[in-house]
J.: 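Here it is, the structure in full.
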Amino acid sequence: MATESPPTCRVQVAEHPRLLKLKEMFNSKFGSVPKFYVRAPGRVNIIGEHIDYCGYSVLPMAVEQDILIAVEPVKTNTLQLSNTNPLYPDFSTSANDIQIDKTKPVWHNYFLCGFKGIQEHFGLSKLPGMNCLVDGTIPPSSGLSSSSALVCCAGLVTITILGMNLSKVELAEICARSERYIGTEGGGMDQSISFLAEEGTAKLIEFSPLRATDVKLPSGAVFVIANSCVEMNKAATSHFNTRVMECRLAAKLLAKYKGLQWGQVLRLEEVQADLGVSLEEMLLITEDALHPEPYSPEEVCKCLGISLQEFRTQILSPNTQDVLLFKLYQRAKHVFSEASRVLQFKKICEEAPGNTVELLGELMNQSHVSCRDLYECSCPELDQLVDICRTFGAQGSRLTGAGWGGCTVSLVPTDKLPSFLANVHEAYYQRSDRSLAPGNQRLFATKPGGGALVFLEA
C-alpha cells in the first residue's frame, strides 16, 4: 500500500454536494471549471505526543474532516490561490519564484510549502501556473493538523498537475520536509497519516524508514474529539520549536554522558539505538545523567565542552536563540515514557484482553499527565476539558496535537456516548459560552478515515 501512489477516483460531481458547491464557487471565481480535485484528511493522534521528531513511533488515525482543493492548470506561470472561507484572502504569485515568509504563518504559505517541496524534489526551475480554490472542514489551530493537510494537498496537487508519480511514502517524506519552510521543526506524523491512512484502522507510524502498520481499535468504544476553543498556531509561537530543541539538547547530553559521539546526534531515539537498551533503561539513564533543575545555555556549553558562540551557531535554531532555560530532564522523561505507552497501546489492541478499553484509557490518562507536567504543553482549558470528559464517562482522555490549546481525544464506551456528548456539551460549552467559527464542530465522535486522493469528474 505505502509503495503505491495516492488513488485517483472518477466521480459524478453532481452526486457529491460539497464537490458540486466547490465547482460552482470555482466557476464564479475564475470563470472556468476545475480539471480535478484533491483531498487530504486531518488526523487525531490517539497517543504518542511530541515524540515523532525525537524518532519514536506514534499512533494516529485520519479523520473525516479534510482539505479539498479544486484545480485548473493555466497556460501562464501564475499561481492563483483562493479560499472558500472569506477570512483567508486571495493570493497570487509566480510559480517560478516561490517565497515563503517564516515570520508570517499565513494560510497560503502552507500551500506554497507543498508546491515548493515537489519543485525542489524534482529539481524543476519552471512549473506551470494554476488556479486553485481551497475548502477546509478541519478547525484551524485545533491540533487536528489542518496546516499539514494543506501542505499534503498542495504536494498532491502539484504532482498531479505535472503528470508525475510518487509513492505515498515519498509524498509524506517530501511534505514533512517542506513544511519546515514555514519554520516549524515537526517530525512527520501528520503528513504520514494524511497519505498512509486507511478507512477502518488506526496506524502505528514508524520512522527511519517511514512505514505504517494497521492497529485495530477496540469495538465497544469510540473516540470523541472535543475542541477547547483555544487556538494555538505552532508556527506562530516559539513553544513548539523550543521543545524540539530541548529534546535535541537532552539527546546530546545523554550521548556525551554515555561516551557516544554526540556531535551528530539530533534525536533521543538515536541515543537509545546506539546504546542498544530499552526505553525503561533510558529512563534510568536520564535519572543519572540529567538534573531536574533547568539548564542555562552556559551550563549546556560546559557539559558539552563548547563555547557559547558554537552553541548558538552550530546547535540552536534561529527561533531558539533567545531561550534562557532548557528543561532537559523533564522533556526526556516524557519522550521515553510516551514512546513506551505507544508500544503498550498497540500491544493491548493486538491482544484484545477483556479489559482492553480500561487499559487503553489508563495509558491515555498517563499520557495527558505527562504532557501536562513533564512536557508542559497543556493549558488550563485543556485540563478542565479532560477532567470533564473523564467525569462523564470517558475511560481515558488527553490533549491531542501540539497542545497549548486545540483538542482533546477521549475513549468512550459506546453505550455511554449519547449521555457523554450531552453532558460534556453542557458542562464545557454551554456554561462558558465557548464558541468557534460557524460550521466548525466542537464535539464529535470519530472513526478512522481514508487517506489523500485525487478526484476526476466522470
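Since this is a predicted model, take the numbers as computed values, not measurements.
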J.: Quick one: sort the Tyr375 and His334 rings into parallel, tilted or perpendicular, breaks at 30° and 60°.
T.: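 Plane angle between 30° and 60°, so tilted.
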J.: For Ser367, does its backbone N or O pair with a side-chain atom of Ser370 as donor and acceptor, under 3.5 Å?
T.: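 Side chain of Ser370 to backbone of Ser367: no pair is present.
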J.: side-chain hydrogen bond (donor to acceptor under 3.5 Å, both in side chains) between Ser340 and Gln344: does it pass, once the steps are laid out?
T.: CA-CA 6 Å; Ser340 176; Gln344 291 174 61; 3.1 Å; yes
J.: Please answer whether the main-chain N or O of Pro139 pairs with a side-chain N or O of Ser142 as donor and acceptor at a distance below 3.5 Å.
T.: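 Yes, the answer is positive, given that a donor and an acceptor are paired below the 3.5 Å cut-off.
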J.: Quick one: does any side-chain atom of Ser28 pair with a main-chain N or O of Glu24 as donor and acceptor, under 3.5 Å?
T.: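 Looks like no, no N/O pair under 3.5 Å.
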J.: Using modelled atom types and a 3.5 Å cut-off, is there a donor and acceptor pairing between side-chain atoms of Asp66 and backbone atoms of Ala40?
T.: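 Flag not set: sc Asp66 to bb Ala40 has no pair under 3.5 Å.
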J.: Could you tell me whether the side chain of Ser194 and the main chain of Asp190 form a donor-acceptor pair under 3.5 Å?
T.: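 No, because the side chain of Ser194 does not come within donor-acceptor range (under 3.5 Å) of the backbone of Asp190.
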J.: Is the side chain of Glu338 donor-acceptor paired with the backbone N or O of Gly48 at a distance under 3.5 Å, no angle test?
T.: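 Flag set: sc Glu338 to bb Gly48 pair under 3.5 Å.
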J.: Using the side chain to side chain donor-acceptor pair (under 3.5 Å) criterion, which residues pair with Gln272? Sequence neighbours excluded.
T.: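 Only Tyr56 meet the side chain to side chain donor-acceptor pair (under 3.5 Å) criterion with Gln272.
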J.: Check for a donor-acceptor pair, side chain of Tyr429 on one end and backbone N or O of Arg442 on the other, with a separation under 3.5 Å.
T.: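 Yes; at least one donor-acceptor contact below 3.5 Å.
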J.: If only atom types and distance count, is the side chain of Glu15 paired as donor or acceptor with the main-chain N or O of Val11 below 3.5 Å?
T.: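 No, because the side chain of Glu15 does not come within donor-acceptor range (under 3.5 Å) of the backbone of Val11.
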J.: Does the Ser5 side chain pair with the main chain of Leu166, one donor and one acceptor, at a distance under 3.5 Å?
T.: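 At least one qualifying donor-acceptor pair exists.
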J.: For the side chain of Arg267 and the backbone of Ile51, is there at least one donor-acceptor N/O pair under 3.5 Å apart?
T.: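 A pair under 3.5 Å: no.
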